[in-house]
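Reminder, nothing fancy here: chain letters follow the sequence lines and each chain counts from 1.
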2 protein chains.
Amino acid sequence: MNSKYTNKLRSSGMRPTRQRIKICEILFDREHTFHFSINDLAEIVKNNAKEKIALATIYNTVHLLTKKGYLKEISINSDKSYFDTNTSSHHHFFDEETSKLIDLDNEYVDPINIRKNIPGKKVKSIEVLVKIDNDNQNQK
Amino acid sequence: MNSKYTNKLRSSGMRPTRQRIKICEILFDREHTFHFSINDLAEIVKNNAKEKIALATIYNTVHLLTKKGYLKEISINSDKSYFDTNTSSHHHFFDEETSKLIDLDNEYVDPINIRKNIPGKKVKSIEVLVKIDNDNQNQK
DNA sequence: TGCTTATATTATAATCATTCTAATCTATAT
DNA sequence: ATATAGATTAGAATGATTATAATATAAGCA
């Protein structure tokens, strides 16, 4: 039961269980960053894992990984939560046609200067969402 | 049954019903723009209107007003939908402490240039979300 | 005006994502 | 090995939203 995620999990105070290791493998053994909803992940787990993982465990693990800084929650259309394996501060395209998110790295966007302050509050993050849609013909 | 909203509704192909007029009055008879969830609006209706309006009607009306361009849906934390009576393209602060949205007008943010294109797609909107939190002491 | 019909409203049930619960299991420290 | 704190599980509960199907109403027409 050893994996490259065993220590990663343990070092964040998460016991390295079979389920958590499997979920980490699905999420992080990838070349590119991965955007997903809980439902996406649950589907992959179902098709991919030898043994079943309860939906509640998937929720718990994703939320824990988010709290520990290995995932980032993305606020998009309000029907579902999306998560991103790219935890750096960065921007997104949101394709309205496919409802898919695409990373937009900081290098493509000049630094954004906000010339307004809210008293007693400090800025925690500044992120841009670019909504896109098909280019062709008429848009109803 | 005449109201300044009678024609506004009719000109958008919406029959000016008592319920719709009442909802318009609540939403648009205001000095400042108004951010709300369906639940916020339902509460105001309950305390404000002489006669009850069914929750389904509130949902239907808000969605119709959104489709007709009188309201704008805001994508924030994924638990609920928020709507905004300011339908122009503009930005927001999101106060993580209170979960409240604050308008951030374009004049406080320089134009944002995105140096990346997605083939076959055109940009529909570019909006910034600035997350803020209490300034004082320790966070966590 | 009154009638007809397309459209709205309503109460309630259904759905869907998410969270809770309480029983069972397991990683870890002794 | 054993005890126990922490994790997993199935299923129930919750809360927002949408669907349903019966009733009511606005608008067009005689």
Exercise. Are any side-chain N or O atoms of A:R20 and backbone N or O atoms of A:R15, one a donor and one an acceptor, separated by less than 3.5 Å?
Worked result: yes

Exercise. Between atom CZ in B:R18 and atom C1' in C:dT10, what is the gap in whole Å?
Worked result: 12 Å

Listed pairs under 3.5 Å, donor-acceptor, residues 40-47 of chain A side chains, sequence neighbours left out:
unit_1	atom_1	unit_2	atom_2	d
A:D40	OD1	A:S37	OG	3.3
A:D40	OD2	A:S37	N	2.9
A:D40	OD2	A:S37	OG	3.2
A:N47	ND2	A:E43	O	3.2

Exercise. With no hydrogens and no angle check, is any side-chain donor or acceptor of A:N106 less than 3.5 Å from a backbone partner on A:S89?
Worked result: yes

Exercise. Taking CD1 from A:I38 and P from C:dC16, how many angstroms apart are they, rounded to a whole number?
Worked result: 18 Å

Would you give me the side-chain donor-acceptor pairs under 3.5 Å for residues 49-56 of chain B, sequence neighbours excluded?
unit_1	atom_1	unit_2	atom_2	d
B:E51	OE1	B:R18	NH1	2.7
B:E51	OE2	B:R18	NH1	2.8

Problem set entry | Aromatic plane relationship, B:F28 with B:Y5 - under 30° parallel, 30 to 60° tilted, over 60° perpendicular | tilted

Seminar exercise, completed: Within residues 52-60 of chain A, those residues having any heavy atom closer than 4.0 Å to DNA chain C are A:L55, A:A56, A:Y59

Exercise. Residues two or more places apart in sequence or in another chain: which of them pass ring-ring contact (aromatic ring centres under 6.0 Å, His included) with B:H91?
Worked result: none

Exercise. If only side-chain N and O atoms of B:S81 are considered, is one of them under 4.0 Å from the OP1 or OP2 phosphate oxygen of D:dA16?
Worked result: no

Exercise. Does A:Q19 have a side-chain nitrogen or oxygen under 4.0 Å from the phosphate oxygens OP1 or OP2 of D:dT9?
Worked result: yes

For this session: Please list all pairs passing the salt bridge (charged side-chain N to carboxylate O under 4.0 Å, His left out) test where one or both residues lie in residues 23-34 of chain A, with sequence neighbours left out.
Result: A:K4-A:D29

Could you list all N or O pairs between the protein and nucleotides 27-29 of chain D that sit under 3.5 Å apart?
unit_1	atom_1	unit_2	atom_2	d
D:dA27	OP1	B:R10	NH1	2.7
D:dA27	OP2	B:R10	NH1	3.1

Exercise. Got a donor-acceptor contact below 3.5 angstrom from the A:S11 side chain to the A:K8 backbone?
Worked result: yes

Problem set entry | B:H63 side-chain N/O to D:dT17 phosphate OP1/OP2 under 4.0 Å | no

For this session: Indicate yes or no for a side-chain donor-acceptor contact from B:N117 to the backbone of B:P119 under 3.5 Å, with no hydrogens or angles considered.
Result: no

Problem set entry | Gap between atoms OH and P, on B:Y82 and D:dA16 respectively (whole Å) | 10 Å

Exercise. Counting only side-chain N and O atoms of A:R20, is one of them less than 4.0 Å from OP1 or OP2 of D:dT8?
Worked result: yes

Problem set entry | Spacing of B:L65 atom CG relative to C:dA8 atom P, expressed in whole Å | 12 Å

